[in-house]
Amino acid sequence: MQGVQVLLAISLFTLAFSFVCASDPGPLQDFCVALKDAKNDAAVFVNGKFCKDPKLVTAQDFFFSGLNVPGNTTNRLGSKVTSVNVEQIPGLNTLGVSLARIDYAPYGLNSPLIHHRATGILVLLQGTLYVGFVTSNPDNRLITKVLYPGDVFVFPAGLIHFHFNIGKTNAVAITGLSSQNPGVITIADSVFGSNPHINPDVLSKAFQLDKNLVANLQSRLW
């Protein structure tokens with residue numbers, strides 16, 4: 001009987017331990033500077049990137065310059081995101097953090113999107129933004145706020161969110177993200193601009209739109 005109790009205790013401990021470990025482990029080295037391939041000095045493949053030999057790492061691997069330069073907002077949405085993630089700073093690999101500068105023309109929009117791998121925290125430096133996110137099903141609750149310079153707003157990971165410049169002047173914001181590669185899914189581009197196109201019958205039914213309107217949207221976002 002005592003042996004059965006011991007086995008049961010071990011089983012429960014193992015089960016509990018498996019739950020505790022059900023997340024990404026912390027890095028076991030100081031850094032893992034990313035390489036695009038393993039042709040030369042890569043040592044190991046970690047979190048989607050090859051690691052550079054630590055002996056060959058330099059300050060340049062942790063550096064980015066140019067975030068002071070305004071982004072070009074002359075596009076259909078009137079906004080420009082300048083990302084600073086693992087693609088720009090290879091030293092960010094495995095460190096779980098990145099950021100971006102976002103420029104908005106008057107009435108410019110950072111279109112509804114999802115960062116499926118990261119929570120975002122935005123600080124507004126200039127202008128006036130109307131921002132918000134939508135909670136998951138079934139509530140689909142819209143949570144919004146008008147931001148002014150110095151204001152900070154958080155966007156939970158995986159939720160649809162947006163930023164809209166409601167002012168008559170340019171706006172500038174900095175967003176921090178809890179991943180070195182947060183990922184982005186722009187809703188309009190993904191749904192109506194996919195390659196190849198989603199069958200218009202599907203989108204017509206889902207959005208309760210006329211098929212001709214769906215086709216028009218697909219042609220504009222292709």
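Of the residues Thr175, Leu147, Ile174, the one that meets the side-chain contact (heavy atoms from CB on, under 4.5 Å) test with Val123 is Ile174. When each of Asp210, Leu209, Val214, Leu213 is checked for a side-chain contact (heavy atoms from CB on, under 4.5 Å) with Pro200, only Val214 meets the rule.
In the hydrophobic clustering, where aliphatic and aromatic side chains (Ile, Leu, Val, Met, Phe, Trp, Tyr) are joined below 4.5 Å either directly or transitively, Val57 groups with Phe31, Val33, Phe62.
Evaluation of the side-chain hydrogen bond (donor to acceptor under 3.5 Å, both in side chains) test over residues 138-153, restricted to residues two or more places apart or in two chains, returns Asn137-Asn140. Residue pairs satisfying the side-chain hydrogen bond (donor to acceptor under 3.5 Å, both in side chains) criterion with at least one member in residues 56-67, sequence neighbours excluded, are listed as follows: Lys52-Asp61.
Residues Gln218 and Ser194 have side chains not in contact (no heavy-atom distance under 4.5 Å, counting atoms from C-beta outward). Considering only heavy atoms from C-beta on, Val97 stays 4.5 Å or farther from Ser178 through its side chain. The side-chain heavy atoms of Phe207 and Val191, taken from C-beta on, include a pair separated by under 4.5 Å.
Summarising the geometry, atom CD1 belonging to Ile185 is positioned 9.5 Å from atom CG belonging to Leu113; distances are rounded to the nearest 0.5 Å. Rounded to the nearest 0.5 angstrom, Leu99 CG and Leu92 CG are separated by 8.0 Å.
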Under 3.5 Å, which donor-acceptor pairs link side chains of residues 78-90 to any protein atom two or more places apart or in another chain?
{"from": "Ser79", "atom 1": "OG", "to": "Leu109", "atom 2": "O", "distance (Å)": "2.7"}
{"from": "Asn85", "atom 1": "OD1", "to": "Glu87", "atom 2": "N", "distance (Å)": "2.9"}
{"from": "Glu87", "atom 1": "OE1", "to": "Lys36", "atom 2": "NZ", "distance (Å)": "3.3"}
{"from": "Glu87", "atom 1": "OE2", "to": "Lys49", "atom 2": "NZ", "distance (Å)": "2.6"}
{"from": "Gln88", "atom 1": "OE1", "to": "Asn85", "atom 2": "N", "distance (Å)": "2.9"}

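Ring pair Phe155/His161 is tilted by interplanar angle, where 30° to 60° counts as tilted.
Gln180 and Thr94 make their closest contact through NE2-N, 3.3 Å (heavy atoms, listed as atom of the first residue, atom of the second, distance).
Among residues two or more places apart in sequence or in another chain, the side chain to side chain donor-acceptor pair (under 3.5 Å) test is passed with Asp201 by Lys211. In this view, Ile166 and Thr128, Tyr130, Val146, Phe164 satisfy the side-chain contact (heavy atoms from CB on, under 4.5 Å) rule, not counting sequence neighbours.
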